[in-house]
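Each remark here refers to the structure printed beneath this line.
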Amino acid sequence: MYVVGFAETVVELLKEHGAVMLDGTNDIRIIGAITIVILLGISVAGMEWEAKAQIVLLVILLLAIADFIIGSFIPFEIKKPRGFFGYKAEIFSENFGPDFREGETFFSVFAIFFPAATGILAGANISGDLADPQSAIPKGTLLAILITTVVYIGIAVSVDIATNLDGSLPYYYLTLGVVSPRHYFLLASFDC
């Protein structure tokens, strides 16, 4: 599931820059297969390499979160047609309540974010590397839940304050061919 999501994102970025290998579906398969081979190689190399790979992925994730936060404070005129206006109280009051579109509900939107929370308990799988697993696993799990909750709520509030719900970002991506018309309505249901 994660590999498919990663592959779809990479293919969308490739399409945005005009770098298509074959077609959308087969490009997803190729990127997914390459990703699985790389992950298999890391697993075969041993736990030491897997732990090092996790550190690298953590750094990439932290850089992505920092990029989001910094980018949300930098106003560019090019962002306004896409719905990004910066932090404004009037936008926050307009976006505060739910406004689901095209038959979307809370649960259909929540289903998109839920898989991201499944990695919280992954720390229990490497409990053999811990000096005191009996106390470290509960503390680590609760800390992971707390940090994840703070980051998710922070990003949701930031998007809610800085973006206009009726921005043209989904239409912009549709015209670029980055998303299919089927996915356009899913994008349009979020606070773009």
Side-chain angles (χ1 to χ4, degrees), residues 1-2 4-17 54-123 139-192:
M1 175 172 61
Y2 294 116
V4 172
F6 172 74
E8 287 178 347
T9 304
V10 170
V11 168
E12 287 178 10
L13 289 171
L14 290 173
K15 283 182 183 177
E16 186 175 321
H17 296 289
Q54 282 188 2
I55 298 297
V56 171
L57 293 174
L58 175 64
V59 169
I60 292 170
L61 179 64
L62 292 175
L63 288 173
I65 292 171
D67 179 53
F68 174 84
I69 292 168
I70 292 168
S72 69
F73 284 103
I74 301 173
F76 286 116
E77 290 299 316
I78 195 170
K79 292 181 179 180
K80 289 184 179 180
R82 300 178 188 166
F84 295 97
F85 289 95
Y87 293 99
K88 294 185 179 183
E90 56 270 10
I91 293 176
F92 178 68
S93 63
E94 180 183 321
N95 291 341
F96 188 70
D99 187 14
F100 299 109
R101 311 262 171 106
E102 298 294 327
E104 297 293 338
T105 65
F106 171 80
F107 293 106
S108 65
V109 175
F110 179 72
I112 294 169
F113 292 104
F114 180 74
T118 59
I120 290 174
L121 298 175
K139 288 177 186 175
T141 302
L142 291 174
L143 189 59
I145 292 169
L146 176 68
I147 291 171
T148 302
T149 302
V150 168
V151 169
Y152 278 12
I153 290 174
I155 288 175
V157 169
S158 175
V159 168
D160 195 40
I161 295 173
T163 60
N164 183 352
L165 182 62
D166 295 315
S168 60
L169 182 63
Y171 178 73
Y172 170 77
Y173 280 137
L174 182 66
T175 58
L176 283 179
V178 174
V179 296
S180 66
R182 181 182 67 151
H183 292 106
Y184 169 76
F185 294 109
L186 181 63
L187 277 173
S189 67
F190 291 106
D191 290 348
C192 300

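Because only heavy atoms are used, hydrogens play no part in the values below, and waters and symmetry mates are left out as well, while side chains stay in. Position 1 is the first residue of the sequence; numbering continues from there.
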Legend entry - CD1-CG distance between Ile147 and Leu143, expressed to the nearest 0.5 angstrom: 4.0 Å
Legend entry - Sequence-distant partners of Tyr87, side-chain contact (heavy atoms from CB on, under 4.5 Å), two or more places apart: Ser72, Phe73, Ser158, Ile161, Ala162
Legend entry - Test side-chain contact (heavy atoms from CB on, under 4.5 Å) applied to Ile55 - qualifying residues, sequence neighbours left out: none
Legend entry - Spacing of CD1 belonging to Ile155 relative to CG belonging to Asp160, to within rounding of 0.5 Å: 13.5 Å
Inset, instruction - Could you tell me which residues satisfy side-chain contact (heavy atoms from CB on, under 4.5 Å) with Ile65, sequence neighbours excluded, listed by chain and number? - result: Leu61, Ile69, Val151
